[in-house]
*Asks:* 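I'd like to ask you about the structure that follows.
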Amino acid sequence: LTVNTVNTAPTITDITNRSIDAGTSTGPLLFTIGDGQTAVGSLVVSSTSSNSALIPASGLTFGGTGANRTLTVTPAAGQVGSATVTITVSDGSLTASESFVVTVNPVNTAPSLSALTNRSMDAGSTTAPIAFTVADLETALSDLAVSAATSNATLLPVSGISLGGSGANRTVTLTPVAQQVGTATVTLTVSDGLLSASRSFVVTVNAVNSAPTIGGVADRSVEANRDTGLIPFTVGD
């Protein structure tokens, strides 16, 4: 009586679904393989991704030896979504597979706002629109909200700060209170609804030197050898 060996399929342990942030990897995911007839060192493991744009073949890296193996999943840069990753172990004749889902979540980064230089202006004047730009990696530019604050509302109230523009290209126009001089720090803040960024600059409002004034003096007629007497007039500045 001859009893022949029957080749059975290899085995592979389960891997649970994973959720990671964009720009990161899963780290080494542990799993074990085995076979009743084939040495574990002779077993061949391979992997596939259902979404190669999100997780390309180059983003699937095996490690480990013998029965203890690892797989590290690294999504493509700037990609988000889900992909099913399948690991297959083969003894050359039979195979076994294990599949799990990797979900890559978007990461909200803070918006940005370009720098603004300090400004000097004369009292009673208004600046031309001052250009600046805003940006955000995840949020549409039209959804970014810009607000303004001032350190000196007596000189430059919020009502004297006018915001304009759209998309990436924005403007701010400054109108100080009439006849006020001094300095104020203006802070512009851009927000995506969750995160924000701010830039500040100093506005100096200078006094304007105007010419003095003198009141009118009417013509006079006097007799010879007489003086006019006191002729009053006014001066001011």
Side-chain angles (χ1 to χ4, degrees), residues 21-24 77-78 80 105-237:
D21 291 334
T24 65
V80 297
N105 302 307
V107 177
N108 184 34
T109 57
S112 62
L113 189 151
S114 61
L116 295 104
T117 58
N118 296 336
R119 290 295 192 278
S120 181
M121 57 188 298
D122 290 335
S125 65
T126 297
T127 65
I130 302 168
F132 63 95
T133 60
V134 296
D136 194 286
L137 294 178
E138 300 83 25
T139 307
L141 296 175
S142 58
D143 293 335
L144 296 177
V146 179
S147 59
T150 175
S151 67
N152 187 348
T154 301
L155 173 67
L156 181 62
V158 173
S159 59
I161 304 174
S162 178
L163 299 171
S166 61
N169 300 306
R170 308 295 180 96
T171 63
V172 59
T173 302
L174 309 176
T175 305
V177 174
Q179 299 180 357
Q180 294 293 321
V181 296
T183 61
T185 299
V186 175
T187 301
L188 301 181
T189 300
V190 57
S191 171
D192 64 7
L194 294 174
L195 300 176
S196 63
S198 297
R199 293 278 193 177
S200 296
F201 62 101
V202 176
V203 179
T204 301
V205 182
N206 303 306
V208 178
N209 185 32
S210 55
T213 60
I214 183 170
V217 179
D219 295 341
R220 291 294 194 275
S221 178
V222 297
E223 295 178 352
N225 300 320
R226 302 278 186 173
D227 62 41
T228 62
L230 296 177
I231 302 175
F233 60 95
T234 60
V235 294
D237 194 292

*Asks:* For a 4.5 angstrom cut-off between non-hydrogen side-chain atoms, does V203 reach M121?
*Replies:*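 In short, these two side chains touch, coming nearer than 4.5 Å.
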*Asks:* Can you list the residues that meet the side-chain hydrogen bond (donor to acceptor under 3.5 Å, both in side chains) rule with R199, with sequence neighbours excluded?
*Replies:*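 Here no residue qualifies.
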*Asks:* Write out all pairs satisfying side-chain hydrogen bond (donor to acceptor under 3.5 Å, both in side chains) with one or both partners inside residues 121-130, taking only residues at least two apart or from two chains.
*Replies:*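 Qualifying pairs: T126-T175.
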*Asks:* For a quick test of reading the model, state the closest non-hydrogen atom pair linking P176 to V205 and the distance between them.
*Replies:*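 So the two residues come closest at CG-CG2, 3.6 Å.
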*Asks:* Looking at residues at least two apart in the chain, or sitting in another chain, which of them share a side chain to side chain contact (heavy atoms under 4.5 Å, CB included) with L137?
*Replies:*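 L137 satisfies side chain to side chain contact (heavy atoms under 4.5 Å, CB included) with T109 once adjacent residues are dropped.
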*Asks:* Can you name the residues that form a side chain to side chain contact (heavy atoms under 4.5 Å, CB included) with A140, not counting sequence neighbours?
*Replies:*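 Scan of A140 (side chain to side chain contact (heavy atoms under 4.5 Å, CB included), adjacent residues dropped) gives S142, D143.
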*Asks:* For residues F132 and L188, report the shortest heavy-atom separation together with the two atoms involved.
*Replies:*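 Looking at all heavy atoms of both residues, the shortest contact is CE2-CD1, 3.7 Å.
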*Asks:* Could you pull out every donor-acceptor pair under 3.5 Å between side chains of residues 224-232 and any protein atom, sequence neighbours left out?
*Replies:*
{"residue": "D227", "atom": "OD1", "partner": "G229", "partner atom": "N", "Å": "2.9"}

*Asks:* Could you pull out all residues at least two apart from N169 that satisfy side-chain hydrogen bond (donor to acceptor under 3.5 Å, both in side chains)?
*Replies:*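 side-chain hydrogen bond (donor to acceptor under 3.5 Å, both in side chains) check on N169 returns nothing, list empty.
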*Asks:* Please identify each residue that fulfils side chain to side chain contact (heavy atoms under 4.5 Å, CB included) with P106, with sequence neighbours left out.
*Replies:*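 Residues passing side chain to side chain contact (heavy atoms under 4.5 Å, CB included) with P106: V80.
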*Asks:* Using the test side-chain hydrogen bond (donor to acceptor under 3.5 Å, both in side chains), find all partners of T187 that sit at least two apart in sequence or belong to another chain.
*Replies:*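 For T187, the residues satisfying side-chain hydrogen bond (donor to acceptor under 3.5 Å, both in side chains) (neighbours in sequence not counted) are S200.
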*Asks:* Hey, can you pull the donor-acceptor pairs under 3.5 Å for the side chains in residues 146-156, sequence neighbours left out?
*Replies:*
{"residue": "T150", "atom": "OG1", "partner": "N152", "partner atom": "N", "Å": "3.2"}
{"residue": "T150", "atom": "OG1", "partner": "L156", "partner atom": "O", "Å": "2.9"}
{"residue": "S151", "atom": "OG", "partner": "T185", "partner atom": "N", "Å": "2.7"}
{"residue": "N152", "atom": "OD1", "partner": "T154", "partner atom": "N", "Å": "3.3"}
{"residue": "N152", "atom": "OD1", "partner": "L155", "partner atom": "N", "Å": "3.2"}
{"residue": "N152", "atom": "ND2", "partner": "T183", "partner atom": "O", "Å": "3.1"}

*Asks:* D21: what forms a side-chain hydrogen bond (donor to acceptor under 3.5 Å, both in side chains) with it, not counting sequence neighbours?
*Replies:*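 With neighbours one apart ignored, the set is empty.
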*Asks:* Please set out all donor-acceptor pairs under 3.5 angstrom arising from side-chain atoms of residues 212-220, sequence neighbours excluded.
*Replies:*
{"residue": "T213", "atom": "OG1", "partner": "G236", "partner atom": "N", "Å": "3.4"}
{"residue": "T213", "atom": "OG1", "partner": "G236", "partner atom": "O", "Å": "3.4"}
{"residue": "R220", "atom": "NH1", "partner": "A218", "partner atom": "O", "Å": "3.1"}

